[in-house]
Amino acid sequence: MTDTSSTGQARGEATAPRRRALYRLMRYLPLVAPVLLWAVPCWVLLYTGQHWPLPVTAGGTALFVLGLVAMPLGMARGHGRRQQDAAAILGDTLLGVSWVLFTWSVLLGVLLRPALAVAGVGDGQDRARAVAWAVLGVSAALLAWGYAEARRVPRVRRLDVRLPRLGAGLDGLRVVLVTDTHYGPLDRARWSARVCETVNALDADLVCHTGDIADGTAERRRAQAAPLGTVRATHARVYVTGNHEYYSEAQGWVDLMDKLGWEPLRNRHLLLERGGDTLVVAGVDDVTAESSGLPGHRAHLAGALDGADPGLPVLLLAHQPAFVDRAAAAGVDLQLSGHTHGGQIWPFHYLVRLDQPALAGLSHHGARTVLYTSRGTGFWGPPFRVFAPSEITLLVLRSGN
């Protein structure tokens, strides 16, 4: 485990400049990013000394211009007011393709071409064409592999988590975490059913979903979410909202999860008892809830822990790892989160780390708090996962030091 212990105040002061930088970047990103994502690979593949025949150069340029126009248009029509699933699939796929092409155009353009020159391989045109074919080959292979990774049922990640305050009666408690299922434009009802079958095979005492169930309203994505009603747990199934619920009528998702037999922990807790010992299982709304304007929706940790014995260990569900500052200040023992997707498509994780204190796995915060950040069970937007595999997580809680 990575020890990142510090006080909540110190961590807040350290991360504030990074978040301000990210917000400044995000302000201009929608205008600049599409042009860069398509223009850079177009230049590297077609205009850096390859001297392709005119039909190849003209046709390739036309394809890049078409992608530059179609990607933002598809995303706007798919994720905006129109909510057109076919447009969303087109725009999201083009986003993933352009990101991979951009990344490897930069890397191979910077690294491979000088290496070929030093090795004395061919002339300028040969080296330029070698880089172009390498970019296309690597990108095609990664996109094919990334698509398979995104669409498969996640592997189960198993780990023990030791909590010093956990009573002996709760030692060995099996907690399964699924998160960021992101049911969306691509129909994944069969995938959802297979995920739930995998969860049921883990014989969990507690199953948790830490939000971002879907992109779209509960009414539109009900068929994909319905298998969640088949999930079994010895003690409880609990759920908290993620930021994407607040783009899609969050109260509808809270109501649907309640109907499917899950406990929505909206700034409240329940007690899990076994072997004479007790664990407080608490949950908070996502930190974006208050700005949604929905009555009563906000992240309120004090409300979630109200009435709980302060001497009992606390497991907290909070969608975003960034909430761990507040959890550590309150003495929470274990926070479970998602949101980051582990970056989803490398090297996007560098941008995620500007906004979140953890990317994936276990980390320590403050004197007591352990944070587990899942890479997510599904995917958002581009149907690709590159060097950031999805997961279903089985955490076995261990008592004592």
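Fair warning: this is a prediction, and the values are worked out from it, not measured in the lab.
Put simply, CG on L272 and CG on L206 are 6.0 Å apart, with the number rounded to the nearest 0.5 Å. Here Y350 contributes atom OH and L359 contributes atom CG; the two are 10.5 Å apart, rounded to the nearest 0.5 Å.
Using the six-membered ring where Trp is involved, F64 and W38 have ring planes that are perpendicular, over 60° apart on the 30 and 60° scheme. Aromatic ring pairs are classed by plane angle as parallel below 30°, tilted from 30° to 60° and perpendicular above 60°; the pair F348 and W99 is perpendicular.
A donor-acceptor pair under 3.5 Å is formed between the side chain of D212 and the backbone N or O of N243. Not a single donor-acceptor pair under 3.5 Å links the side chain of R368 to the backbone N or O of D333. A donor-acceptor pair under 3.5 Å links the side-chain atoms of T181 to the main chain of I213, judged by distance alone. Remark: the backbone N or O of G80 is paired with a side-chain donor or acceptor of Q83 at under 3.5 angstrom. Side-chain atoms of E263 never come within 3.5 Å of backbone atoms of Y239 as a donor-acceptor pair (strictly under, hydrogens ignored). Between the side chain of T48 and the main chain of V44, a donor-acceptor pair closer than 3.5 Å is present. Side chain of N267 to main chain of A299: no donor-acceptor pair is present (N/O by atom type, distance under 3.5 Å, no hydrogens or angles). Formation of a donor-acceptor pair under 3.5 Å by the R398 side chain with backbone atoms of L173 is not found in this model. Side-chain atoms of S337 come within 3.5 Å of backbone atoms of A318 as a donor-acceptor pair (strictly under, hydrogens ignored). Between the side chain of S139 and the main chain of L136, no donor-acceptor pair closer than 3.5 Å is present.
Judged purely by distance below 3.5 Å, without hydrogens or angles, the side chains of T393 and E391 pair a donor atom with an acceptor atom. No hydrogens or angles considered: nothing links the side chains of Q125 and Q50 as a donor-acceptor pair under 3.5 Å. Neither side chain, H319 nor D285, offers a donor N or O lying under 3.5 Å from an acceptor on the other. Between Q84 and R77, the side chains place a donor N or O and an acceptor N or O closer than 3.5 Å (distance only, hydrogens not considered).
Residues V161 and Y372 form no side-chain contact, since every pair of their non-hydrogen atoms from C-beta on lies 4.5 Å or further apart. At least one side-chain heavy atom of R266 sits less than 4.5 Å from a side-chain heavy atom of H297. Using a 4.5 Å cut-off on side-chain heavy atoms (C-beta onward), V156 and L202 make contact. Looking at heavy atoms from C-beta onward, V281 lies out of side-chain contact with R268 at the 4.5 angstrom threshold. Contact annotation: the side chain of L334 never approaches that of L316 to less than 4.5 Å [non-hydrogen atoms, C-beta and beyond].
The pair R221-D85 counts as a salt bridge, with a side-chain nitrogen and a carboxylate oxygen less than 4.0 angstrom apart. In this structure, R174 does not pair ionically with D203, as no charged nitrogen and carboxylate oxygen lie closer than 4.0 Å.
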Check the pair R220 / Y183 against side chain to side chain donor-acceptor pair (under 3.5 Å), numbers first and verdict last. CA-CA 10 Å; R220 293 189 70 187; Y183 303 125; over 6 Å; no
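When the options R155, R152, E149 are evaluated for a side chain to side chain contact (heavy atoms under 4.5 Å, CB included) with S390, the one that passes is R152. Checking each of D205, L279, L170 against L397 for a side chain to side chain contact (heavy atoms under 4.5 Å, CB included) leaves exactly one that passes, namely L279. Here the rule is side chain to side chain contact (heavy atoms under 4.5 Å, CB included) with Q335, and of V284, L315, T373, L371 only L371 fits it.
Separation of the H341 and H182 ring centroids falls under the 6.0 Å cut-off. Aromatic rings of Y47 and W52 (six-membered ring for Trp) have centroids beyond the 6.0 Å cut-off, not under it.
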